[in-house]
Amino acid sequence: MNEFTEKVIRIISSIPEGKVVSYGQIAALAGNNRAARQVSWILRSSSGKYNLPWHRVVNGKGIISLPEHDGGNLQRELLENEGVEFRLNGAVSREFFWNGST
DNA sequence: GCCATGGCTAGTA
DNA sequence: GCCATGGCTAGTA
């Protein structure tokens with residue numbers, strides 16, 4: 001596993017409950033702001049292995065990218081259970097975005 | 001080739 | 001909408 005992947009996993013692991021972060025934010029925090037799509041791959045391949053809070057990652061618009069039939073519905077449910085609120089357009093309210101600090 | 005993204009543009013009201 | 005990204009999940013040689 002390369003350094004970027006390790007950083008991404010560590011960052012995702014530290015997302016607080018009730019907060020969300022975008023793929024691009026995670027990539028930037030890990031040192032490569034153009035690797036947003038790789039973050040999605042790492043989530044798919046490593047979420048179970050490292051018990052990652054995969055549901056706290058959404059796209060830059062605050063919208064769930066995972067298809068509804070492939071876990072998207074579950075993702076929204078998990079977030080709502082943590083107190084995250086969605087607008088009518090399906091986007092997470094801005095106040096629920098984590099800025100990367102602890 | 002694929003894709004759980006993101007940034008920018010164009011067209012409309 | 002469109003297309004540049006970029007690492008490996010695919011499939012073939």
Side-chain angles (χ1 to χ4, degrees):
Chain A
M1 180 189 308
N2 63 37
E3 185 182 345
F4 178 76
T5 303
E6 289 180 14
K7 284 186 178 178
V8 167
I9 289 175
R10 194 160 58 241
I11 292 164
I12 294 173
S13 298
S14 59
I15 304 172
E17 187 176 316
K19 295 289 183 180
V20 299
V21 189
S22 73
Y23 302 89
Q25 278 182 278
I26 293 170
L29 287 170
N32 186 350
N33 59 13
R34 288 190 254 183
R37 307 202 68 156
Q38 272 48 257
V39 173
S40 70
W41 178 81
I42 293 169
L43 278 169
R44 197 181 65 186
S45 63
S46 306
S47 285
K49 192 172 179 181
Y50 298 97
N51 199 25
L52 300 177
W54 59 271
H55 60 286
R56 296 180 190 141
V57 185
V58 296
N59 70 23
K61 298 172 186 169
I63 293 174
I64 289 175
S65 288
L66 193 59
E68 293 184 4
H69 63 275
D70 194 27
N73 286 326
L74 172 63
Q75 179 172 7
R76 176 164 179 147
E77 186 182 327
L78 290 171
L79 287 175
E80 289 180 330
N81 287 342
E82 295 183 356
V84 174
E85 295 167 14
F86 292 78
R87 299 177 186 280
L88 288 180
N89 64 7
V92 172
S93 301
R94 193 67 204 174
E95 62 193 283
F96 294 102
F97 267 78
W98 182 51
N99 61 16
S101 62
T102 46

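Each chain gets a letter, A, B and so on, in the order the sequences are listed, and its residues count up from 1.
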> What are the 5'-most and 3'-most nucleotides of DNA chain B lying under 4.0 Å from any heavy atom of chain A?
Replying inline: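 The footprint of chain A covers B:dC3 to B:dG6.
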Quantified in whole Å, what is the [atom1] atom distance between nucleotide [N] and nucleotide [M]?
N: C:dT5; M: C:dG1; atom1: P; result: 23 Å
N: B:dC3; M: C:dT12; atom1: P; result: 16 Å
N: C:dC2; M: C:dG6; atom1: P; result: 22 Å
N: C:dG11; M: B:dA4; atom1: P; result: 15 Å

> Contacts to DNA chain B from residues 74-85 of chain A, heavy-atom cutoff under 4.0 Å, which residues?
Replying inline: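 Heavy-atom contacts with DNA chain B come from no residue of residues 74-85 of chain A; none.
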> Looking at DNA chain B, which of residues 17-38 of chain A put a heavy atom within less than 4.0 Å of it?
Replying inline: A:Ser22, A:Tyr23, A:Gly24, A:Ala36, A:Arg37
> Would you write out the dot-bracket form of DNA chain B, 5' to 3', with Watson-Crick and G-U pairs under 3.5 Å, [ ] for crossing pairs, | for pairs to other strands and . for unpaired bases?
Replying inline: |||.||||.....
>> According to side-chain hydrogen bond (donor to acceptor under 3.5 Å, both in side chains), who are the partners of A:Ser65, at least two apart in sequence or on a separate chain?
In response: A:Asn59
Please name the pair of heavy atoms, one in [X] and one in [Y], separated by the smallest distance, quoted to 0.1 Å.
X: A:Glu95; Y: A:Lys19; answer: O-NZ, 3.4 Å
X: A:Phe96; Y: A:Gly18; answer: CD2-O, 3.6 Å
X: A:Gly60; Y: A:Arg94; answer: O-NH1, 4.5 Å
X: A:Phe4; Y: A:Ala30; answer: CE1-CB, 3.5 Å
X: A:Ser13; Y: A:Pro53; answer: CA-CD, 4.1 Å

>> Both A:Ser45 and A:Lys61 contact DNA chain C. Which one's nearest nucleotide lies toward the 5' end?
In response: A:Lys61
What side-chain donor-acceptor pairs closer than 3.5 Å can you find for residues 67-80 of chain A, not counting sequence neighbours?
residue	atom	partner	partner atom	Å
A:Asn73	ND2	A:Glu68	O	3.4
A:Gln75	NE2	A:His55	O	3.0
A:Gln75	NE2	A:Val57	O	2.9
A:Arg76	NE	A:Glu80	OE2	3.0
A:Arg76	NH2	A:Glu80	OE2	3.4

>> Checking side-chain contact (heavy atoms from CB on, under 4.5 Å) between A:Ile26 and each of A:Asn32, A:Ile12, A:Asn33, A:Ile9, which is the one that passes?
In response: A:Ile12
> Any chain of hydrophobic side-chain contacts (each under 4.5 Å) joining A:Trp98 to A:Ile64?
Replying inline: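 Same cluster.
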> In the single-linkage hydrophobic clustering (I, L, V, M, F, W, Y; side-chain heavy atoms under 4.5 Å), do A:Phe97 and A:Ile63 co-cluster?
Replying inline: no
> When you measure from the side chain of A:Ser22 to the backbone N and O of A:Gln25, does any donor-acceptor pair fall under 3.5 Å?
Replying inline: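 Yes.
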> What do you reckon, is CD of A:Glu3 surrounded by more than 12 foreign heavy atoms closer than 6.0 Å?
Replying inline: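 Check fails, neighbour count at 12 or below.
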> How long is the gap from CD1 on A:Ile11 to CD1 on A:Ile42, to the nearest 0.5 Å?
Replying inline: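 Separation between the atoms: 9.5 Å.
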